[in-house]
Amino acid sequence: MSRIAFVNGQYCDYSDALIHVDDRGYQFADGVYEVFTIIDSCIIDFQPHLKRLFRSLSELKIVTPIKKSAYLYHIRNIIKKNMIVTGTVYLQVTRGVAKRDFKYPKDIKSSITIIGKVISEDTFYKDIYNGINVKTTKDLRWKRCDIKSLNLLPPVLAKQHAYENNSKEAWLIDDAGFITEGSSSTAWILDKNDVLRTSSLKNNILPGITRETFLKGLCKYKIKFKETSFNIKDIRSAKEAFITSATTFVTPVNMVDNIKIGNGKPGKFAPIFLDIYKKAIKSKI
Ligand code: PMP
């Protein structure tokens with residue numbers, strides 16, 4: 001089956017999905033993106049992802065290339081045309097094409113690309129059930145990590161470093177020694193006092209949609225939660241650890257560097273938290 005992409009108003013075969021060499025996304029990482037998870041051919045939490053996309057666009061003063069109401073239509077088309085049951089849809093908007101110059105013309109027309117990926121259900125859930133290892137590394141990112149921009153070189157290097165060290169995710173450490181978040185996920189621990197902890201929402205982390213949905217679900221339970229970051233010492237004494245993201249749901253962490261979390265296997269809260277998250281997903285459209 002051929003893969004179909006949406007590029008600037010046209011549906012086309014992957015081999016014909018070409019971007020201009022002067023696209024500012026390509027030259028300056030001047031753009032934003034979202035990743036939507038697809039389960040049973042439905043989009044998980046579409047509205048909050050769209051809302052975050054529009055916030056990212058607005059923070060960078062990029063004008064949407066299509067009407068807000070058209071996003072759902074095109075994403076659904078990509079799901080249908082690529083026959084995605086379980087998978088992801090990647091959507092990117094860049095400032096557009098202009099002669100290479102740091103400053104950009106006022107009338108520039110933004111570019112949009114939407115691509116889909118089929119993932120087998122087994123592959124999607126493998127790490128979610130078995131857990132992953134995490135490697136810590138320095139947080140080298142810019143000061144506006146709350147914007148989901150294409151400026152991804154530090155997380156690329158961090159994730160590569162993690163993979164080369166037998167780990168699926170990198171946890172980023174700030175100058176004060178605290179974990180900000182993962183290279184592409186939110187970081188959590190259940191600390192020694194049974195308090196679930198993750199960083200508070202400031203400009204140094206991305207406001208995760210999975211984080212938001214999970215926390216909505218969590219407030220119905222008697223689990224203590226504190227929006228406060230943690231360091232290596234806290235990880236050493238943590239009972240459990242997790243990452244959350246659209247593509248990993250709530251995935252348990254078995255090891256951080258050479259520190260075993262609990263007995264090095266997903267703990268008793270792992271399936272409970274996953275269930276809380278899944279039940280809290282209201283919008284499957
Ligand atoms: N932090 C970073 C840096 C990310 O790239 C992601 C993935 N988008 C997340 C957190 C988790 O966000 P979400 O739950 O919206 O996927």
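Counting starts at 1 for both ligands and their atoms, following the listed order. Atom set for the values below is all heavy atoms of this structure, side chains included, hydrogens, waters and symmetry mates excluded.
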[atom]: nearest protein contact (heavy atom, Å):
| atom | answer |
| --- | --- |
| atom 5 (O) of ligand 1 | Ser184 CA, 3.3 Å |
| atom 16 (O) of ligand 1 | Ala246 N, 2.8 Å |
| atom 8 (N) of ligand 1 | Lys148 NZ, 2.5 Å |
| atom 9 (C) of ligand 1 | Ser185 CA, 3.6 Å |

>> Quick check on side chain to side chain contact (heavy atoms under 4.5 Å, CB included): which of Asn8, Ile62, Val7 does Ser111 satisfy it with?
In response: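 Testing each of Asn8, Ile62, Val7 against Ser111, the sole residue satisfying side chain to side chain contact (heavy atoms under 4.5 Å, CB included) is Asn8.
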> Hey, which of Thr186, Ile205, Leu206 is the one that makes side chain to side chain contact (heavy atoms under 4.5 Å, CB included) with Thr180?
Replying inline: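 Between Thr180 and the candidates, side chain to side chain contact (heavy atoms under 4.5 Å, CB included) is satisfied uniquely by Ile205.
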Check: [X] N/O within less than 3.5 Å of ligand 1 N/O:
| X | result |
| --- | --- |
| Thr244 | no |
| Thr210 | yes |
| Gly208 | no |
| Pro207 | no |
| Arg211 | no |

Test item, [X] contacting ligand 1 (heavy atom, 4.0 angstrom):
| X | value |
| --- | --- |
| Cys145 | no |
| Glu34 | no |
| Ser183 | yes |
| Val35 | no |
| Arg52 | yes |

> Can you list the atoms of ligand 1 that are under 4.0 Å from a heavy atom of Thr186?
Replying inline: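 Reading through ligand 1 atom by atom, the close ones are 10 (C), 11 (C).
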> Which ligand 1 atoms does Gly182 reach within 4.0 Å, using its non-hydrogen atoms?
Replying inline: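 Listed by number with element, the hits are 3 (C).
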>> Given Glu181, Glu212, Lys159, identify the one with the heavy atom nearest to atom 3 (C) of ligand 1.
In response: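 Shortest heavy-atom distance from atom 3 (C) of ligand 1: Glu181.
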>> Under 4.0 Å, heavy-atom basis, I'd like to know which part of Arg141 is in contact with ligand 1: side chain, backbone, both or neither.
In response: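 For Arg141, only side-chain atoms sit under 4.0 Å from ligand 1.
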> Side chain, backbone, both or neither: which part of Ser245 comes within less than 4.0 Å of ligand 1 when only heavy atoms are counted?
Replying inline: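 For Ser245, the contact with ligand 1 is made by both the backbone and the side chain.
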Polar side-chain atom of [X] near backbone of [Y] as donor-acceptor pair, under 3.5 Å:
| X | Y | result |
| --- | --- | --- |
| Glu169 | Ile132 | no |
| Arg141 | Leu152 | no |
| Thr198 | Ala187 | yes |

>> Show, in sequence, the C-alpha distance, side-chain angles and deciding distance for Thr136 and Asp257, and conclude whether the side-chain hydrogen bond (donor to acceptor under 3.5 Å, both in side chains) test is met.
In response: CA-CA 6 Å; Thr136 60; Asp257 297 339; 2.6 Å; yes
Take a 6.0 Å sphere around [atom1] of [X] and say whether it holds more than 12 heavy atoms from other residues, nucleotides or ligands.
| X | atom1 | value |
| --- | --- | --- |
| Glu59 | CD | yes |
| Asp175 | CG | no |
| Phe178 | CZ | yes |

>> I want to check a possible cation-pi pair here: Arg95 against Tyr104, using under 6.0 Å from ring centre and within 45° of the ring axis as the test.
In response: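 Output yes; distance and angle both within limits.
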> With a 4.0 Å cut-off, would you call Arg52 and Glu34 a salt bridge?
Replying inline: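 Salt bridge present between Arg52 and Glu34.
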>> In terms of relative ring orientation, are His74 and Tyr11 parallel, tilted or perpendicular, with 30° and 60° separating the classes?
In response: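 Rings of His74 and Tyr11: tilted, as their planes differ by 30° to 60°.
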